Amino acid sequence: MNILFASSEIFPYAKSGGLADVAQSLPEELRKIAQVYTMMPLYQTVDRQNYNIVFSDFSFDIWLHGIRHQIDLYKNANNPYELFLYNPILCDREGLYHDNYGDFGDNHLRFAIFSYGVIETMLKLQLKINTIHINDWQTALIALLAKTKYHLSQKIVFTIHNIAYQGIFHKSVMNELELNWQECFKSDRFEYFDQVNFLKAGIFYSDVITTVSPTYANEIQTPYFGHTLDNMLITNNYKLTGIINGISYDVFNPSTDEYIYKNYDKQTYELKSQNKVKLCKELNLAEPHRPLFVFIGRFTNQKGVDLIVQSLHLLKDFEINVAILGSGEKYYNGVFSKLVDKYHNITIKIGYDEALARKFYASADFLLMPSVFEPCGLNQMIMMRYGGLPIVARTGGLRDSVVDFTDLHHHNKHQGIGVTFDEHSMFWYMHAITKAISLYANQKKYIKFAKHNMSVDNSWKTSAKEYLKVYK
Ligand code: ADP
């Protein structure tokens, strides 16, 4: 089985969120049993030297609407199955954000160049591929091109990591990208309120659609979670399936993680607290024996940051410490900036910092994840691996991976233990936090659950097998 996996970001080369983690860890697991090529744009921010990414002596042109776009192919010298496509329009940009990939006005062209480039690379190098796995709107056009322009025989598997981001553009891009109006510009295909929608094309033209948890697969077929594509998904649900993500057990491993202060595992769990003591010192948080609550994530409404912000003036009087790490939308960056030095027991760090994030996981007793919606969520899995309890809204993948510690009669041993709440309101969020504090007061019980979480299997072992089934 030979697979081509295309993604707009892959860890550690470029990462703005969970997609990069998945695009690294799923191929890594699949490579144990299949041949997997990965392709991503070689953004100017990728550290070519450090990762040994070299030019593969292969370039070709894509002509779109009379304009020539040159693509240079690079590869990882240590792993020739990791390929990188360089084109200046696609790659030479400063920002890379999950929300909008920099909100560049020509994103349709950038990711069309990438999509054409992925297919042309496969054909020109005569790669023997059975299945092309594409991810989110940035690579969704590959499905449309495969079916309407190239008439490829490969199976196209399309994964929706977050339906909130769809890639919607003016219909004039039909000409610019040389697409067939008659075939594609239809309300059940690429057309979307007289515009075009890349994600919608992915849904229609792929052979299999997966999304990143069973609950989210159901949720996106409803108006609230479907972000206007719920009917489109109901129509196409015969080919839709939910497969929960895993995390890399090599990357996220408290016994080897080089970013954290003190390595530990389940057997040496008591060493974890040394991380908390050091982090609290670094963050100027007094009394490190208190439970430490952390939030790590993008500052956007989806992550429940409104609840986080509103709760701080209450949590300032609690016998807890809170540490927040994130960045995102301008509005929320501004809101959090104003709160940075306001409370003695709350630290806020604005930015994206992989090393600090790992220190947070290694030090935290509880992870805050009050998401409005959460397709899968990786943070809660990372938190479990690092021996802490997630506090989660019961939605999407959070619902599938975490059970409330007071509700263990519904618990199967493959699920993590944490605190969950149903209604997205300040009352129930604060209720969950006070439950967590009361649990922490009973250290014996808390540690039992924390150690249970460390032995829960959130690796790709099971889910990669599910993917192999859909690839066939
Ligand atoms: P998303 O919706 O952003 O993709 P996920 O939970 O799927 O959310 O994945 C988020 C990933 O990004 C995790 O690996 C998390 O640790 C990481 N992350 C998010 N924000 C930050 C940040 N500010 N600094 C470092 N890592 C971050």
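Values reported hereafter were calculated over all heavy atoms of this structure, with side chains retained and with hydrogens, waters and symmetry mates removed. Order of listing sets the numbers, starting from 1, for every ligand and every atom in it. These numbers come from a predicted model, not from an experiment.
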**Prompt:** Given Phe252, Phe360, Tyr361, Tyr352, which one has a non-hydrogen atom that is nearest to atom 26 (N) of ligand 1?
**Reply:** Tyr352
Does either side chain, that of [X] or that of [Y], offer a donor lying less than 3.5 Å from an acceptor on the other one?
X: Ser401; Y: Gln415; value: no
X: Asn218; Y: Thr215; value: no
X: Glu219; Y: Tyr224; value: no

Can you sort out which atoms of ligand 1 are near [X], meaning under 4.0 Å from one of its heavy atoms?
X: Gly326; answer: 23 (N)
X: Ile382; answer: 14 (O)
X: Ala357; answer: 25 (C), 26 (N)
X: Arg298; answer: 1 (P), 2 (O), 3 (O)
X: Asp21; answer: 11 (C), 13 (C), 14 (O)
X: Gly377; answer: 6 (O)

**Message:** Looking at Lys15 and Asp21, is any side-chain nitrogen of the basic one under 4.0 Å from a carboxylate oxygen of the acidic one?
**Reply:** yes
**Asked** Does Tyr13 reach the side chain of Leu42, with side-chain heavy atoms less than 4.5 Å apart?
**Response** no
Between [X] and ligand 1, does any nitrogen or oxygen pair lie at a separation below 3.5 Å?
X: Asn379; answer: yes
X: Ser16; answer: no
X: Glu354; answer: no

**Item:** Contact list for residues 361-379, test salt bridge (charged side-chain N to carboxylate O under 4.0 Å, His left out), sequence neighbours left out
**Value:**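 Output for this query lists Lys276-Asp365, Lys303-Glu374.
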Atom pairs and distances, side-chain donor-acceptor, residues 419-433, under 3.5 Å, sequence neighbours left out:
from	atom 1	to	atom 2	distance (Å)
Asp422	OD1	Arg394	NE	3.0
His424	NE2	Pro370	O	2.6
Ser425	OG	Trp428	N	3.3

